[in-house]
There are 2 protein chains.
Amino acid sequence: MNEDFKDTYSIKDLATEFNVTARTLRHYEEQGLLAPARSGQTRVYSQADRIRLAWILRGRRVGFSLNEISEMLALYSLGDGRATQRQVTLEKCRQRIDDLKAQRDDINSTIADLEEFCDTIEILVPCQKTGKLVSPETGKPPVIKTP
Amino acid sequence: MNEDFKDTYSIKDLATEFNVTARTLRHYEEQGLLAPARSGQTRVYSQADRIRLAWILRGRRVGFSLNEISEMLALYSLGDGRATQRQVTLEKCRQRIDDLKAQRDDINSTIADLEEFCDTIEILVPCQKTGKLVSPETGKPPVIKTP
DNA sequence: AAGGTAGTTGACGTTAACGTAAACGTCAAT
DNA sequence: ATTGACGTTTACGTTAACGTCAACTACCTT
């Protein structure tokens, strides 16, 4: 029996795999984000549940609230729904995409700031007299772009 | 007198410009993220305060907590500090950069998911009989990758 | 049978990031 | 001089996303 490719998982299995607590998984179920099967009282997570959890957690890392994630999951189920809702679904979806692209720009800017900062102070050297960091060229304190 | 390039701002000025409440600015001050000058009791924000606020808000959009933003701002002031702290500062800074790059990857994946979803349902057409959305080619319901 | 491990359901506690209301000061305009 | 727009501090309220018990069940294992 191969243990690596199970098709069902206990709550602890998923919790440890994704580095969250069991409480978190129960919480997501309370919020309607997950709906694992039951064997008696005990939750039994399928492969689909596992994928869905990974998706949820990625959404969380990206900064979405559980409510937003819930709405996005709802969008997917609207995809095969009535035609009248198609346009609304598409608009919301595209809005999300635009927001994410804006956020990506913010992240790139922040990365650029931090990298420039790293580059600046990485070449500095302690001053003989004061012990403070100065430029090895000019002997003067660095010009740091402080926000 | 040109109103566009002021060198001082009221709390309301900045609040409206950045679309936050005055309460938020006071909160940031309580947390030590801002330290505007005072004219009597009244806060007077400088151009530097304004830039700093923009930086803070970008950090917030990126998903940082106020505490994390505070730490990052502290990094910058450590930049011209003692040599002994330089290495620590650099490591923290690079860690931040790596985290941000990972987050950017997550965002890109999410964007890809959403765009694929958009592409899929955008070409669908309502079925004559059921009214449900189906492929114009096959007449069958679409294959949507549901997380 | 006793203990250990893993599961369950309440239900209250916690933290961050503000919201909100009270109670008050200060000018400029009506 | 009173209204109104803007500012202040103090302090309690709120929401999200869980943490943290308690009290219980079920199933092995020794």
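Throughout, protein chains are lettered first and strands after them, A, B, ... in sequence-line order, and every chain is numbered starting at 1.
For the pair A:Arg23 CZ and C:dG7 P, the computed distance is 15 Å after rounding to whole Å. With rounding to whole Å, A:His27 atom NE2 is found 16 Å from C:dT9 atom C1'. The nearest whole Å value for the distance from the OH atom in A:Tyr45 to the C1' atom in C:dA6 is 13 Å. The interatomic distance linking A:Arg38 (CZ) with C:dG7 (P) rounds to 13 Å, in whole Å.
Taken residue by residue, residues 10-21 of chain A places heavy atoms nearer than 4.0 Å to DNA chain C at A:Ser10, A:Ile11, A:Lys12.
Residues A:Thr110 and A:Asp113 bring no donor and acceptor atom of their side chains to less than 3.5 Å of each other. In this model, no donor atom of one side chain and acceptor atom of the other lie less than 3.5 Å apart for B:Glu71 and B:Asn67.
First and last contacting nucleotides of DNA chain D toward chain A (any atom under 4.0 angstrom from a heavy atom, 5' to 3' order): D:dA17 to D:dT20.
At least one side-chain nitrogen or oxygen of A:Arg26 sits closer than 4.0 Å to the OP1 or OP2 atom of C:dT8.
Side chain of A:Arg86 to main chain of B:Ile121: a donor-acceptor pair is present (N/O by atom type, distance under 3.5 Å, no hydrogens or angles). Not one N or O on the side chain of A:Asp99 forms a donor-acceptor pair closer than 3.5 Å with the backbone of A:Arg96. The backbone N or O of A:Ala102 lies less than 3.5 Å from no partner atom in the side chain of A:Asp105, so there is not a single donor-acceptor pair. No side-chain donor-acceptor contact under 3.5 Å links A:Ser39 to the backbone of A:Thr42.
For the salt bridge (Lys or Arg N to Asp or Glu O under 4.0 Å) condition, the pairs that include at least one residue of residues 35-46 of chain A, sequence neighbours left out, are A:Glu29-A:Arg38, A:Glu29-A:Arg43.
Taking each heavy atom of A:Cys93 and B:Phe117 in turn, the nearest pair found is SG-CD2, 3.7 Å.
A residue-by-residue look at B:Ser65 and B:Gln41 shows that B:Ser65 has its nearest nucleotide of DNA chain C further toward the 5' end.
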